[in-house]
Amino acid sequence: MAVTLEYERINISRGGRPVLVDIDLVLPAGGLVALTGASGAGKTTLLRITNRLLAPDSGRLLIDGADAANEPGPQLRRRIGYAAQGVGLFPHWTVGDNIAAVPWLNGMERQGRDRLVLEMLDLVELPQSFASRMPAALSGGQASRVGLARALAARPGLLLLDEPFAALDPETRNELADRIEALHKAQGLTTLLVTHDLADALTRATRILVLDGGRLVADATPAALVADPHPAVQALIASPLDQARRLVRLTE
Amino acid sequence: MIANAAWDRAIGMLPDRMAAHLGVSAAAVGLALLIAVPVVLVMAGRPRLRAAVLTAAGVVQTVPALALLALFYPLLLALSALTERLAGFGVPALGFLPSMLALTLYALLPLLRGGADGLASVPPATLDAADGIGMTRGQRLLHVELPMAAPIIIGGLRTAAVWTIGAATLATTVGQKSLGDLIFAGLQLEDWALVVTGCLAAAALAIITDMALWRVETGIAARKWRKAGLGGALLAAMVAAVLALWWNARPPETAERPVVVGAKSFGEQYILAELIASRLREQGLAVTVRSGLGSAVAFRALTAGDIDLYVDYSGTLWSNALGRTDVAPRASMIATLRTELPRRHKVQVAAVLGFENAYALAMQRTDAERLGIASLADLARQSDRLRLATDTEFQSREEWAALQRAYGLRFARLTAYTPTLMVRALIGGEADVMTAFSSDGRIAADDLTLLTDPAGALPSYDAMLLIGPTRPDLARRLQALEGRIAVEAMRQANWQVDRATDKRTPEQAARWLAGRIAEK
Ligand SMILES: Nc1ncnc2c1ncn2[C@@H]1O[C@H](COP(=O)(O)OP(=O)(O)OP(=O)(O)O)[C@@H](O)[C@H]1O
Ligand SMILES: [Mg+2]
């Protein structure tokens, strides 16, 4: 079941400096929301507040109308799919054990987990034989897919992805983005996807959020965003637009 | 070459010492682990605390192990006095406890460092993922951090185990049985079979332990559980083998605690301890000998009841036990000690054995006769043309200052040597006079003359048999030794264990000495 998120005047400081300022936001169920902005803008911080790895200094987060602060953190996080920046597979566990981590934490039986692992590998389009591999024997793209499978294994209603395409070549990254888009629709998720790259955001998301220095400076559909006059948004759009124009010129 | 009997004796000592050595090492590493685990967990994610703790542990590591062991003895004595007052029982200050505690401190640094480095080696992205999927702190530690850190943690354990097994040889100096018993006795008696056997056994224990833990470490790192298990099995097999050896070689059960005869770490002390032990055994008592005690430890061990009796020297007792700095005539020194030791320390003097082991100056007899020197006063008249060879500590001792004051000695040259080289310098003609101990076996063997001390400048060092407060009944059993050991007899017995060829064991020399006593 897709999840509704409501951020109410969220503020947080790290190391004495404000990192997020007055974030006021409602994300209705079922959206594929791209969260973008320059490095250090606060994207990861907002994601970590969403699954309560961080508690805001002030403000509230409501998940399906309930204050997230009222539920124990670990229990809350097991209901939310999370693919961390840098994947972070457990190197001493097999791919299968990594994928089944949350069901295992929830006490699922061995047989159920084995079946689930095979299903998840199919879902992220990896061969079933990968279940017994160790993470060290995976390429970057394969590792990202396993990370995605691990996030989806407990059938969450909310999926948080922190730069799942980092360090992937353009082709692999496109395939993975396609996969995420398809899964988002098929599993009926609310997805919050952090990406540096506005081109990804513009072409796939239903809605785009732009953070700049901890403030939400834009919140719009892709089409509306391109028309937004905010300088931070213009700066983000400028470089992919420029790249695209040059590519077009080459093909003419 | 080393005689077969010497090897047999060395190997005979092994099982007991190896079991004790392994026991104290394992206890120390085990206790260090118990301390290190919570400390490492508290330090994780607190870089300042971590730096402070590791620095403190590093400072402990720079204290030489020998000093660390010696320091624990007075500390435990004080603690024992305290618990005695507060709770009515004391803690043992000699042997197992101080050794284990000092070795524990020693093992702590590699364990702490291994633990801290191991946990710090887990990448932040992995920790983030563990938190992000909903692991609790405990689950993250147990299922992610510890397994990933295990190779580095076990690396620290390896270092700790090898260091501890090495340093445990020093536990002998505070009265704990260990492989150091062989090494210390062997070095003193120049019994190389003992030294080599002790060193090889300690090295073997260290190497086997290291190999076993290495297997565990690489096994865990490569997730080859069979290999890791094999390492554990090797370790268990070694412990079992040593225990089996010890069980076979253990002495028969006796209901009573045996009498413990102490000995400092030189030949004369070993011989006297064996002599006393065999006298008591003849009277039907069970006796063990604790040899190799540090000179500072022995008297305190006696008053604390860790040993029941031993031989010490009047000059040493005068300054160490009575705190006197003056010099008194031989007879009044003995009389004072006979009354003061029982009063102040509950220590009885069972017998004054009849010989001295005092500092003296010696010359080759032929030289002394040619130059007409028989006393220190004679020497003073010609000393500006003569060369003095001393041992390494003599020139900084009170005795040397006293000699210069009393006789105005001024030598043409003054050179410090190790004891063996000092004798060689005298015999080889590089020196004319040397420092000596009056009961040294070489005096007769090398035809030396001891110069008399007409001014009484040098304190006397009469050998005195002391009985501690634990077994006052022993005094009566041994008082027959009063005045029975002549200095010539002691010299000969010392020579039997000191000489390079046709060496005797302290037991054999003690038997010979007992024969001489009976003849008188
Ligand atoms: N533990 C921390 N202590 C102090 N400052 C922090 C901490 N974590 C994050 N910050 C700061 O908060 C700000 C936002 O960090 P955040 O990780 O949310 O950025 P981001 O938008 O995800 O950047 P990137 O695109 O590089 O991942 C940065 O300026 C960062 O330096
Ligand atoms: Mg980030």
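In the text below, chain A, chain B and the rest are named by the order of the sequence lines, each starting its count at 1. Everything numeric here is computed off the predicted structure, so don't read it as measured data.
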J.: Between chain A and chain B, which donor-acceptor pairs sit under 3.5 Å apart?
T.:
from, atom 1, to, atom 2, distance (Å)
B:D128, OD1, A:R48, NH1, 2.2
B:D128, OD2, A:R48, NH1, 3.3
B:D128, OD2, A:Y82, OH, 3.1
B:D131, O, A:R77, NE, 2.9
B:G134, O, A:R78, NE, 2.8
B:G134, O, A:R78, NH2, 3.0
B:Q139, OE1, A:R78, NH2, 3.1
B:H143, O, A:H92, NE2, 2.6

J.: Start with the C-alpha gap between B:D210 and B:T159, add the side-chain angles, then the distance that decides, and say whether side-chain contact (heavy atoms from CB on, under 4.5 Å) holds.
T.: CA-CA 8 Å; B:D210 190 48; B:T159 310; over 6 Å; no
J.: Which atom pair, heavy atoms only, marks the closest approach of A:F90 to A:P135?
T.: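 Where A:F90 meets A:P135 most closely, the heavy atoms are O-CG, 3.4 Å.
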J.: Between CG of A:L46 and CD1 of A:I10, what distance do you get to the nearest 0.5 Å?
T.: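 It is 7.5 Å, given to the nearest 0.5 Å.
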J.: Show your working on salt bridge (Lys or Arg N to Asp or Glu O under 4.0 Å) between B:R50 and B:D117 and close with a plain yes or no.
T.: CA-CA 10 Å; B:R50 182 190 131 111; B:D117 290 353; 3.4 Å; yes
J.: Between B:H21 and B:K177 (side chain of the first, backbone of the second, donor and acceptor by atom type, cut-off under 3.5 Å), is there such a pair?
T.: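 No; judged by distance alone, with no hydrogens or angles, the pair does not exist.
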J.: For chain A, which residues from residues 147-157 of chain B lie under 4.5 Å away (heavy-atom distances)?
T.: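 Heavy-atom contacts from residues 147-157 of chain B to chain A are B:P147, B:M148.
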J.: Please step through side-chain contact (heavy atoms from CB on, under 4.5 Å) for the pair B:V40 and B:L119, ending with a clear verdict.
T.: CA-CA 9 Å; B:V40 164; B:L119 290 184; 3.7 Å; yes
J.: Kindly compute the distance separating CG (A:L5) from CD1 (A:I49), expressed to the nearest 0.5 Å.
T.: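 Result: 12.5 Å between the selected atoms.
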J.: With rounding to the nearest 0.5 angstrom, report the CG to CG distance, A:L216 to A:L20.
T.: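 That separation rounds to 9.5 Å.
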J.: Once rounded to the nearest 0.5 Å, what's the spacing between atom CG of B:L179 and atom CD1 of B:I165?
T.: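 Rounded to the nearest 0.5 Å, the CG-CD1 separation comes to 9.5 Å.
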J.: Among A:G81, A:A153, A:P72, A:P91, which residue forms the greatest number of heavy-atom pairs with chain B at distances under 4.5 Å?
T.: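 Result: the option with the highest number of such pairs is A:P91.
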J.: Sort A:L160 into side chain, backbone, both or neither according to what part of it lies under 4.5 angstrom from a heavy atom of chain B.
T.: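 For A:L160, no heavy atom lies under 4.5 Å from chain B.
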J.: Should B:S178 and B:T172 be marked as a side-chain hydrogen bond (donor to acceptor under 3.5 Å, both in side chains) after you check the CA-CA gap, both sets of side-chain angles, and the distance that decides it?
T.: CA-CA 6 Å; B:S178 78; B:T172 295; 3.0 Å; yes
